Trainee: 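One structure coming up, written as structure tokens, with questions to follow.
Remember, it's a predicted structure, so these values are computed and weren't measured experimentally. Along the sequence shown, residues are numbered consecutively beginning with 1.
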Amino acid sequence: MRHKMKRLAKFALIAPGPLKPPKTLPRHVRHVCYCGWAPRVSKIDTRQFSQSARRVSDSFTYKKYTLPQNYKPAAGIDLPAKMNAVQQRPRKRTAYIALGSNLGDRIGWIERACNEMDARGISVKRTSSLWETEPMYVLDQDRFVNGACEVETTLEPLELLDALQDIERTLGRKKIIDKGPRNIDLDILLYENITFNHERLKIPHIGIPEREFVLRPLSELIPDKPIDRARPWRLTADYLDALPPSRTPLTTMTPLSSHHPPIQALNPSRKTHVMAILNMTPDSFSDGGQNTPADRSSLHQTITTFLDAGATMIDIGGQSTAPGAPEVPLEEELARVLPAIRLIRSEFASRPVLISVDTYRAKVAEAAVAAGADIVNDVSGGSMDPEMLPAVARLGATICLMHMRGTPATMNSLAEYPASEGGLIGGIARELVARVRAAEEAGVRRWRIVLDPGLGFAKIGPQNVHVLRHLEELRSWPGLQGLPWLVGSSRKSFIGRVTGVPTPKERIWGTAATVAAAVQGGADVVRVHDVKEMAQVVAMADAIWRY
């Protein structure tokens with residue numbers, strides 16, 4: 001094989017004849033390009049033998065072949081030095097993929113598609129929120145769930161397209177009509193900063209500027225990135241701002257379990273979840289020793305009371321996080337929480353209750369999810385156990401990241417929030433943005449994250465009231481928008497200081513005011529001890545502010 005260009009005087013003999021696809025391909029390969037006048041070119045890679053071409057000037061095209069690692073040139077062939085060298089690792093490229101589904105378990109299909117990408121070496125680095133949207137073009141079909149993800153890949157654009165289409169086929173997608181119903185839809189939106197024009201693929205995707213269901217998730221990932229190289233001054237967020245308002249405002253979706261609808265944090269008519277606190281500890285600040293794994297009859301009655309009163313979630317804890325509380329051994333925490341989870345799943349199977357495990361230990365989270373828990377509620381935001389966030393990513397569970405500084409033993413000494421650093425609200429927001437970023441880097445999907453401002457944790461007295469006043473500001477903070485919030489104010493000491501009630505169990509009325517304030521501020525979940533009373537407060541607050 002020879003390669004020649006009109007303005008190139010040098011020739012290099014690579015092989016005595018045309019290259020053909022080998023019957024089998026080794027794991028490690030080399031690449032060589034052939035430049036010539038023929039427009040038809042061939043490529044061999046580790047998946048298939050396909051036709052492709054790239055034009056590198058007006059006068060010639062080149063084709064890339066894959067050669068076996070043990071390829072030896074024929075006698076008299078001078079193999080270029082670069083090909084004799086050790087193969088360099090393929091360069092990683094960044095691309096942005098649109099995710100969509102409007103059939104069956106819509107969020108489940110998207111999560112399976114992301115897992116398939118990871119399994120095939122298309123590494124999902126970050127995800128947007130998931131947004132529920134009205135159908136476009138073909139209107140007579142169900143609502144879509146749409147999102148976007150940032151991936152890292154060594155595949156070229158057409159190779160990446162082949163891989164994504166193979167994932168769609170693997171997941172059972174069958175295209176009936178164009179832009180019609182589908183269980184999974186994967187589209188390449190952007191690939192590095194290139195413009196790519198092929199009959200099968202155009203990059204940037206031609207539909208980006210007109211589609212809010214694409215621009216909104218994409219602008220979460222890259223708000224300040226230009227889409228069109230010819231217009232570098234126009235950013236993703238600019239395209240989104242230029243769209244007319246939607247007839248139906250888009251809302252994010254946070255899945256909780258297969259048996260319960262997701263939280264729609266931007267839906268103004270959503271109902272607030274009541275999370276009942278089930279402490280399986282002897283030393284919790286207001287109800288220590290009230291529940292024990294040994295007394296199944298009493299535990300069953302407590303859970304029944306919670307559900308009958310209107311609780312939709314039960315938060316089970318086996319380690320007190322009150323200031324100065326000693327840390328219990330791992331085995332003890334497991335022995336406290338697992339029997340309660342198993343009891344709920346076995347004896348309340350007909351009632352679709354969500355189970356949350358209140359722990360900052362990865363091993364407890366893993367065991368609890370295996371036993372039937374849906375949500376991991378970590379007061380440290382994944383900071384006290386470095387294995388927590390990777391474990392939650394593997395589990396595919398939803399995690400609540402609470403704001404806290406230090407540990408329960410040291411947090412009260414870390415309640416300074418200087419005005420020069422954004423004050424209390426700015427400090428909480430900045431540190432939660434960092435915890436969200438850490439979760440994403442560990443592989444947790446953004447749509448699996450709930451936030452908690454951490455009342456009583458590294459916040460003293462009036463600071464907690466200030467947080468309740470400014471919850472809406474936290475919800476709107478850049479990097480936190482669209483995420484659902486959990487607020488846990490029940491019976492806490494700041495309520496006692498304001499009301500003058502020293503006994504935690506008697507702080508019902510003060511707690512009721514904080515729960516109403518949380519609903520007004522946009523909380524999606526309130527965590528409470530007094531379920532019957534607070535469920536009534538939530539019902540009234542929802543009627544006032546959620547309509």
Trainee: E472 and S476: which non-hydrogen atoms are nearest, and at how many Å?
Mentor: O-OG, 2.9 Å
Trainee: Above 12 or not: heavy atoms from other molecules or residues under 6.0 Å from CD of E332?
Mentor: yes
Trainee: Just by distance, with hydrogens left out, do E533 and W509 show a side-chain donor and acceptor under 3.5 Å apart?
Mentor: no
Trainee: Answer whether the closest heavy-atom distance between the side chains of L299 and M280 falls below 4.5 Å.
Mentor: yes
Trainee: Where do R345 and D374 land on the salt bridge (charged side-chain N to carboxylate O under 4.0 Å, His left out) test, with the steps shown first?
Mentor: CA-CA 11 Å; R345 285 294 174 241; D374 304 292; 2.8 Å; yes
Trainee: Does a donor on one side chain sit under 3.5 Å from an acceptor on the other, for T281 and N279?
Mentor: no
Trainee: Assess the side chains of E440 and T127: does a donor N or O sit below 3.5 Å from an acceptor N or O?
Mentor: no
Trainee: Might you work through the salt bridge (charged side-chain N to carboxylate O under 4.0 Å, His left out) test for R106 and E132, ending with a clear yes or no?
Mentor: CA-CA 10 Å; R106 299 171 297 172; E132 187 171 54; 3.0 Å; yes
Trainee: For R448 and T398, test the side chains for any donor-to-acceptor distance below 3.5 angstrom and give the result as yes or no.
Mentor: yes
Trainee: Suppose the criterion is ring-ring contact (aromatic ring centres under 6.0 Å, His included): which pairs have a residue in residues 404-444, not counting sequence neighbours?
Mentor: none
Trainee: Measure the spacing between OG of S490 and CD1 of I495 and express it to the nearest 0.5 Å.
Mentor: 7.0 Å
Trainee: Any side-chain heavy atom of N377 within less than 4.5 Å of one from T359?
Mentor: no
Trainee: Measure the spacing between OG1 of T133 and CG of L250 and express it to the nearest 0.5 Å.
Mentor: 6.0 Å
Trainee: Less than 4.0 Å between a side-chain N and a carboxylate O, is that true for D185 and R173?
Mentor: yes
Trainee: Around atom NZ of K532, are there more than 12 heavy atoms of other residues, nucleotides or ligands at under 6.0 Å?
Mentor: no
Trainee: Less than 4.0 angstrom from a charged side-chain N to a carboxylate O is my criterion; do R435 and E431 meet it?
Mentor: no
Trainee: First locate atom CG of L483, then atom CD1 of I449, and finally report the distance between them rounded to the nearest 0.5 Å.
Mentor: 6.5 Å
Trainee: Going by side-chain contact (heavy atoms from CB on, under 4.5 Å), R405 matches just one of T410, N412, I428, L414. Which one?
Mentor: L414
Trainee: Among side-chain atoms of T170 and R120, is any donor-acceptor pair under 3.5 angstrom?
Mentor: yes
Trainee: Check R394 with E366, please: is the shortest side-chain N to carboxylate O separation under 4.0 Å?
Mentor: yes
Trainee: For E327, give me all partners under side-chain contact (heavy atoms from CB on, under 4.5 Å), at least two apart in sequence or on another chain.
Mentor: Q319, Y360, R361
Trainee: Could you report the tightest heavy-atom contact between H259 and P352, atom names first, then the distance?
Mentor: O-CB, 3.9 Å
Trainee: Do S489 and T514 pair up side chain to side chain, a donor and an acceptor below 3.5 Å, judged on atom types alone?
Mentor: yes
Trainee: Nearest 0.5 Å, please: how far is CG in D118 from CD in E152?
Mentor: 11.0 Å
Trainee: Please name the residue in the list E150, E441, E220 that meets the salt bridge (charged side-chain N to carboxylate O under 4.0 Å, His left out) test with R126.
Mentor: E150
Trainee: When you check the gap from the basic side-chain N to the acidic O, do D358 and R527 get nearer than 4.0 Å?
Mentor: yes
Trainee: Working to the nearest 0.5 angstrom, can you tell me the gap between I355 CD1 and L256 CG?
Mentor: 13.0 Å
Trainee: Within this structure, what is the NE2-CZ distance for the pair H529 and R491, rounded to the nearest 0.5 Å?
Mentor: 5.0 Å
Trainee: Is it the case that the side chains of S101 and N183 hold a donor-acceptor pair, with the cut-off being a distance below 3.5 Å and no angle test?
Mentor: no
